[in-house]
Amino acid sequence: MIRLAIQKSGRLSEDSLNLIRECGISFVNSSLKLKTEATNFPLEILFLRDDDIPGYVADGVADIGIVGENVLVEEGKQALQVKKLGFSQCRLSIAVPKNAEFDHISGLEGKNIATSYPNLLQSYLSGEGVKAHIHTISGSVEIAPSIGLADAICDIVSSGSTLISNGLREVQTVFHSEAVLIAHQDLTNEKRAILNQLLFRIDAVRKAQKAKYILLNAPNEAIPRIKSLLPGMKAPSILPLAEEGWSSVHSVVNEDDFWEIIEKLREAGAQGILVVPIEKMIL
Ligand SMILES: Nc1ncnc2c1ncn2[C@@H]1O[C@H](COP(=O)(O)OP(=O)(O)OP(=O)(O)O)[C@@H](O)[C@H]1O
Ligand SMILES: O=P(O)(O)OC[C@H]1O[C@H](OP(=O)(O)OP(=O)(O)O)[C@H](O)[C@@H]1O
Ligand SMILES: [Mg+2]
């Protein structure tokens, strides 16, 4: 059995739970129960405050965990970062009141900065040779300048709408973050084997998220051009259609290249293009 710590409720919770479910792992989840066991995989899930997750994993109370890189680095605990998970992407940034003058980070010398990430902020400021007073607060950081608590803030930004709603302007990014899977440094062989099984499934899910299965029909003379546009996992599959002189082509395309490829396929003579999501992908 391996123990996984995830955030109980917050920005990481839903995507963490979805990832586990997409790995084919079933469990009963009730908002009141803070520990649950999977029914079809040797996994126990602990629901915790995200700030506590690196410490629990470092101490071996949990074997693995899902947490933002920002919290992992801020907490400074000895846990291994095993894999980036591609969700909860955000940045930690310094912001000032929108009308405040700001030319350079050195302008923050001697100023008060409110943040929930004092260690990340301190290490950034030290790197820049700037000495400021850091006020650590645990939430609603964006309110600090408007109530006279600080001259600037350093907090998580994603869309930027919280900053704008609070009359603030982002002036400097300090750290880029996304959700990561972390592990205890000294897992037993049995636990490492279970972790490897889980990582195999996570890879299959993550690869599938970025890929689409594509099916199309084309006249045989268009096939060489279409083949060159569609590499597939090895090569596209090409099957004869019931209609003489036509073939059906099946392949996998990356979501990022998708629209560009579709355009070129149509120009090359492809018809009846179907695009289907892929659930799992094992290379
Ligand atoms: N707006 C956002 N967009 C994307 N990711 C975010 C955003 N805000 C936070 N995150 C990421 O999600 C993590 C958890 O954020 P959340 O706001 O739920 O934390 P919290 O309020 O400290 O939760 P907890 O109650 O568990 O301590 C952050 O550490 C960060 O990595
Ligand atoms: O740039 P934006 O898209 O507006 O997102 C940034 C906000 O999101 C997070 O707070 P959250 O909404 O998770 O609330 P919290 O204060 O309870 O953590 C973060 O602390 C910022 O305040
Ligand atoms: Mg927290």
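The first residue in the sequence is number 1, and the count goes up from there. Just so you know, ligand 1 is whichever comes first in the structure, and atom 1 is the first atom listed for that ligand.
A salt bridge is absent between R3 and D63; no separation between the charged side-chain nitrogens and carboxylate oxygens falls under 4.0 Å. Between K84 and E69 a salt bridge is recorded (basic side-chain N to carboxylate O distance below 4.0 Å). Using a 4.0 Å cut-off between charged nitrogen and carboxylate oxygen, K131 and E109 do not count as a salt-bridge pair. Between K280 and E22 there is no salt bridge, since no side-chain nitrogen of the basic residue lies less than 4.0 Å from a carboxylate oxygen of the acidic one.
Other residues, nucleotides and ligands contribute more than 12 heavy atoms inside 6.0 Å of the CD atom of E221. Surrounding CD of Q185 are more than 12 heavy atoms belonging to other residues, nucleotides or ligands, all under 6.0 Å away. A 6.0 Å sphere centred on CZ of R266 holds no more than 12 heavy atoms belonging to other residues, nucleotides or ligands.
Listed by atom number, the atoms of ligand 2 under 4.0 Å from V157 heavy atoms are 1 (O). Near E142, meaning under 4.0 Å from one of its heavy atoms, ligand 2 places the atoms 21 (C), 22 (O).
With respect to atom 20 (O) of ligand 2, the closest heavy atom belonging to the protein is D155 OD2, 3.4 Å. When only non-hydrogen protein atoms are considered, atom 16 (O) of ligand 2 lies nearest to S140 N, 4.5 Å. Nearest protein heavy-atom neighbour of atom 6 (C) of ligand 2: I156 O, 3.4 Å. Protein heavy atom nearest atom 2 (P) of ligand 2, with residue, atom name and distance: S159 OG, 3.4 Å. Atom 7 (C) of ligand 2 has T162 OG1, 3.6 Å as its closest protein atom, hydrogens excluded (heavy atom only). Of the protein's non-hydrogen atoms, the one nearest atom 8 (O) of ligand 2 is R11 NH2, 3.3 Å.
Within a 4.0 Å radius of atom 18 (O) of ligand 2, the protein has no heavy atom. At a distance under 4.0 Å, no protein heavy atom can be found next to atom 14 (O) of ligand 2.
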Notebook entry, point to check: Given L265 and L230, is the side chain to side chain contact (heavy atoms under 4.5 Å, CB included) satisfied, shown in steps?
Noted result: CA-CA 9 Å; L265 288 172; L230 286 177; 4.0 Å; yes
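Looking at every heavy atom in both residues, K33 comes nearest to F47 through O-CD1, 3.8 Å. Taking each heavy atom of L72 and P54 in turn, the nearest pair found is CA-CG, 4.0 Å. Between I194 and M1 the shortest heavy-atom distance is CD1-N, 3.7 Å.
Atom OD1 is the N/O/S atom of D50 found closest to the Mg ion (ligand 3). Residue D51 approaches the Mg ion (ligand 3) most closely through its N/O/S atom OD1.
Atoms CZ and CG, on R206 and D203 in that order, are 8.5 Å from each other to the nearest 0.5 Å.
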Go ahead and list the nitrogen or oxygen contacts between ligand 1 and the protein that come in under 3.5 Å, distances to 0.1 Å, or just say none.
unit_1, atom_1, unit_2, atom_2, d
ligand 1, 1 (N), R11, NH1, 3.3
ligand 1, 1 (N), R11, NH2, 3.4
ligand 1, 3 (N), S158, OG, 3.4
ligand 1, 18 (O), Q7, NE2, 2.9
ligand 1, 18 (O), R11, N, 2.8
ligand 1, 22 (O), D50, OD1, 3.3
ligand 1, 23 (O), Q7, NE2, 2.8
ligand 1, 25 (O), R49, NE, 2.8
ligand 1, 26 (O), Q7, NE2, 2.8
ligand 1, 26 (O), D50, N, 2.9
ligand 1, 26 (O), D50, OD1, 3.4
ligand 1, 27 (O), R49, NE, 2.6
ligand 1, 27 (O), R49, NH2, 3.0
ligand 1, 27 (O), D50, OD1, 2.8
ligand 1, 27 (O), D51, OD1, 2.8
ligand 1, 29 (O), N70, OD1, 3.4
ligand 1, 29 (O), N70, ND2, 3.0
ligand 1, 31 (O), N70, OD1, 2.7

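For the ligand labelled ligand 2, residue G160 lies inside the 4.0 Å heavy-atom shell.
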